[in-house]
Structures are given as structure tokens and as C-alpha cells.
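Worksheet: the structure to be examined is printed underneath.
Atoms within a ligand are numbered from 1 in the order they appear, just like the ligands themselves. The analysis underlying the following values was restricted to heavy atoms, covering all of them including side chains, and did not include hydrogens, waters or symmetry mates.
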Amino acid sequence: MRNKVTKAILPVAGLGTRFLPATKSIPKEIMSLVDRPLIQYAIDEAREAGIKEFIFVTSRGKGALEDYFDAAPILETSLRKQNKKEMLQALKRTTMESGEIAYIRQREPLGLGHAVWCARRLMRNNEPFAVILPDDVISADTPCLKQMIDAYQEIGGNMVATMEVPASEAGSYGLLDVRGEIGKLMSVKGMVEKPAPGQEPSNMAVIGRYILTPNILKNLGQKMIGSGGEIQLTDAIAHEIEVSDNVYGYRFDGRRFDCGSKAGFLKATVAFGLAREDLRDEFGAFLRDLVASGGAAE
Ligand code: UTP
């Protein structure tokens, strides 16, 4: 029986420059799709996959994120007095038990790999852990991380979520060099972060869900500088392929929205808005009218 995956690292220390000026004072992860911040989607998915401990790697200016998971006694008392049960229920999702959540600081944004390494002291030997990037919102019947943890229970090793991307976009992702594929699992013989044009090993891109072994933290400790002058998680996983050859890609079922980009965030807002019963009719009619009239806000 393999160790259960019960811890997740959520690196949220990036500067979020693609959303400036909004992200000057609002953490990207607090920006909302309809009425749920990105971070809530990540936490809901993780909980459904059996994650019990959440480790956030944060930085200066992320206070709103910490407040979001705190108790809000004045708000709750007021809602209770007014008997607003649905709103109280919505707040329940934001509740974290004491000790369920930890915050670690990344002093400088030295890259995703460095952010994950910052959490090393909270991880135990031999204990696999998940990494979730809240920018990637994945809508799926079975949550993406749960699909991966189920597969991990069978096969072990290190696993990254992967999906095919158009060739024109491949260079902005980490890409897999695939040895072979059985069902949803790919055996991986190499990985490269944001390769130069013509150097792409495939167009199977790494998406922000990972199940990793503590060896990856050791590899990150070597602080290899990679693409963009940053310490890349992809490089530490690629190194593990050379050492122990136990890295798999998992082709998940579901639809991924890149909420780290403006276009992706807008697409997700429309898709999640239309998925809501309370909004579907009004919002759908508005979109149809808008498209028909070609009208845009001034
Ligand atoms: P991104 O590459 O999307 O960077 O990081 P970013 O800073 O969030 O956004 P842009 O590109 O400036 O608009 C992917 C994930 O890695 C985290 C980010 O918070 C995000 O969840 N990250 C990145 C860190 O935690 N630390 C870093 O040094 C870099």
C-alpha cells in the first residue's frame, strides 16, 4: 500500500504581472470567477481528492488571501441574525480548521521551483505531496487531482497533469518528451520548460497539478537556474527522470482554463457563469444579444 497523498503545496507568491494594475493590491488568487475566488476552486478540488493539509507559499501583499480563510465572526453573526442560511453555507467552504493551513514566505520570486522548495521543512521523508497552481482551473466530473491520486495509488512515482496544446502555444509551457502511453498514463523520458521554437519534444503540456516525491525537493535544493532565469519545477522533475526514471504524465479528463492570462480568465468567467442555474438565463440571453449586435463596452 502506498503512502496516501494528504498534503498540498499551493505556490501563490508570483507577482501576477499579467493582471496589473489589478494585482498591485489584489492577489490574483483572490480574483473571482462569478463569486468564488480562484483559490477556492483549488481548495475544493483538493479536498475532494482527500487533501487534509494545505501549505501556501506566499509573499508580500498576499494578506487578503490569509484573511479569506480566517473566521469572520461579525459577518457570520450578522448573517445568522438575518437568517441568511445560503450565505452562511457559502462561507462554510472558506473555513479552515486550526492547523489545517500553513503559510510559508518566499522572500523573492525566484521561480515556481524555488517556491515549492520553500515548503521543504513541512514535508516528511517518503511522503508524496501534491502541488496545485490555482491559476489552472479545471472543470471535470471527477476532480483532476482525484483522477491523478487514484492513478498514483496504482503506479507511484512522480506525476504531472498533461494536455495537448496547439503547436503555436507549446513554447510557453513545460513540455513532455513522451516514451509511450497506456490509457491515461504516459511514460516520460524528458521534460523541458518553455523550449525555443523548433526544440519542442511534443505538444503535451504540463498543467498545474503535480504529485511529487520528496526527491524533487532535494533536486530543487541544487537551485539550478532554468528558463527565464528562474528555478524551475520542470527542471527538478526532469532531473528525477535521469536518476530514477519514475515520472509519468497523466492525461486528465476535464476542461482547463488558464486563469493566469486575461483571455483565459474571461473564458472561464463566461463558462462558469453559464454553468450557474441562477445566472444562466439572464447571462446567456445577454451574451446572445451582444454577439448578434457586435456591441462592446466603450
Ligand atoms: P506564473 O508563471 O503564472 O507567474 O506562476 P505569476 O507571477 O503568477 O504571473 P505573471 O506571469 O507575472 O502574470 C505560476 C505559479 O507559480 C507561482 C505563482 O504564484 C503561480 O501560482 N510562483 C511563481 C511563485 O509562487 N513564486 C515564483 O517565484 C514564481
Side-chain angles (χ1 to χ4, degrees), residues 8-33 37-43 45-46 54-66 68-69 101-120 122-123 129-138 144-145 160-163 165 169-175 191-195 205-210 212 216-217 220-221 223-237 256-268:
I9 300 177
L10 295 106
V12 293
L15 297 174
T17 53
R18 281 171 285 173
F19 283 94
L20 282 171
T23 43
K24 186 178 172 206
S25 64
I26 306 167
K28 180 171 57 176
E29 302 72 26
I30 286 295
M31 295 187 350
S32 294
L33 295 178
L38 293 185
I39 197 65
Q40 186 70 57
Y41 287 84
I43 296 293
E45 180 182 331
F54 302 89
I55 298 155
F56 283 86
V57 183
T58 69
S59 58
R60 176 175 285 275
K62 301 279 176 173
L65 189 90
E66 300 189 20
Y68 178 79
F69 290 112
I101 192 163
Y103 298 96
I104 292 277
R105 286 284 196 185
Q106 184 188 29
R107 286 173 62 91
E108 281 178 88
L110 297 179
L112 171 61
H114 181 261
V116 170
W117 178 77
C118 287
R120 68 200 178 282
L122 294 183
M123 313 317 283
F129 58 91
V131 174
I132 303 175
L133 305 191
D135 287 4
D136 280 328
V137 175
I138 301 173
C144 177
L145 190 63
V160 300
T162 185
M163 66 179 245
V165 294
E169 293 170 20
S172 48
Y173 288 89
L175 297 175
M191 266 171 92
V192 53
E193 184 65 33
K194 300 188 182 70
V206 178
I207 303 301
R209 303 287 183 275
Y210 306 76
L212 301 176
I216 301 296
L217 297 171
L220 286 169
K223 308 223 175 113
M224 293 177 279
I225 305 294
S227 163
E230 295 191 338
I231 299 173
Q232 297 289 357
L233 185 56
T234 303
D235 294 340
I237 303 172
R256 171 258 187 177
F257 296 93
D258 174 13
C259 292
S261 78
K262 285 188 268 249
F265 196 95
L266 287 171
K267 288 178 201 172

Handout entry: Qualifying side-chain hydrogen bond (donor to acceptor under 3.5 Å, both in side chains) pairs, either residue in residues 10-28, two or more places apart
Key =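 The answer is Lys28-Asp135.
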Practice task
Using the side-chain hydrogen bond (donor to acceptor under 3.5 Å, both in side chains) rule, collect all pairs that involve residues 101-110, keeping only residues at least two apart or in two chains.
Solution key: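 Counting only pairs at least two positions apart or across chains, the side-chain hydrogen bond (donor to acceptor under 3.5 Å, both in side chains) contacts touching residues 101-110 are Gln106-His114.
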Compare all side-chain heavy atoms of [X] with those of [Y] and state whether any distance is below 4.5 angstrom.
X: Met191; Y: Val160; answer: yes
X: Thr234; Y: Val192; answer: no
X: Glu45; Y: Ile132; answer: no

Handout entry: Results of side-chain hydrogen bond (donor to acceptor under 3.5 Å, both in side chains) for Gln232 - residues two or more places apart only
Key =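 If we apply the side-chain hydrogen bond (donor to acceptor under 3.5 Å, both in side chains) test to Gln232, skipping adjacent residues, there are no hits.
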Handout entry: Residue contacts for ligand 1, heavy atom to ligand atom, distance under 4.0 Å
Key =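 Near ligand 1, by chain and number: Pro11, Val12, Ala13, Gly14, Leu15, Gly16, Thr17, Arg18, Lys28, Gln106, Pro109, Leu110, Gly111, Leu112, Ala115, Asp135.
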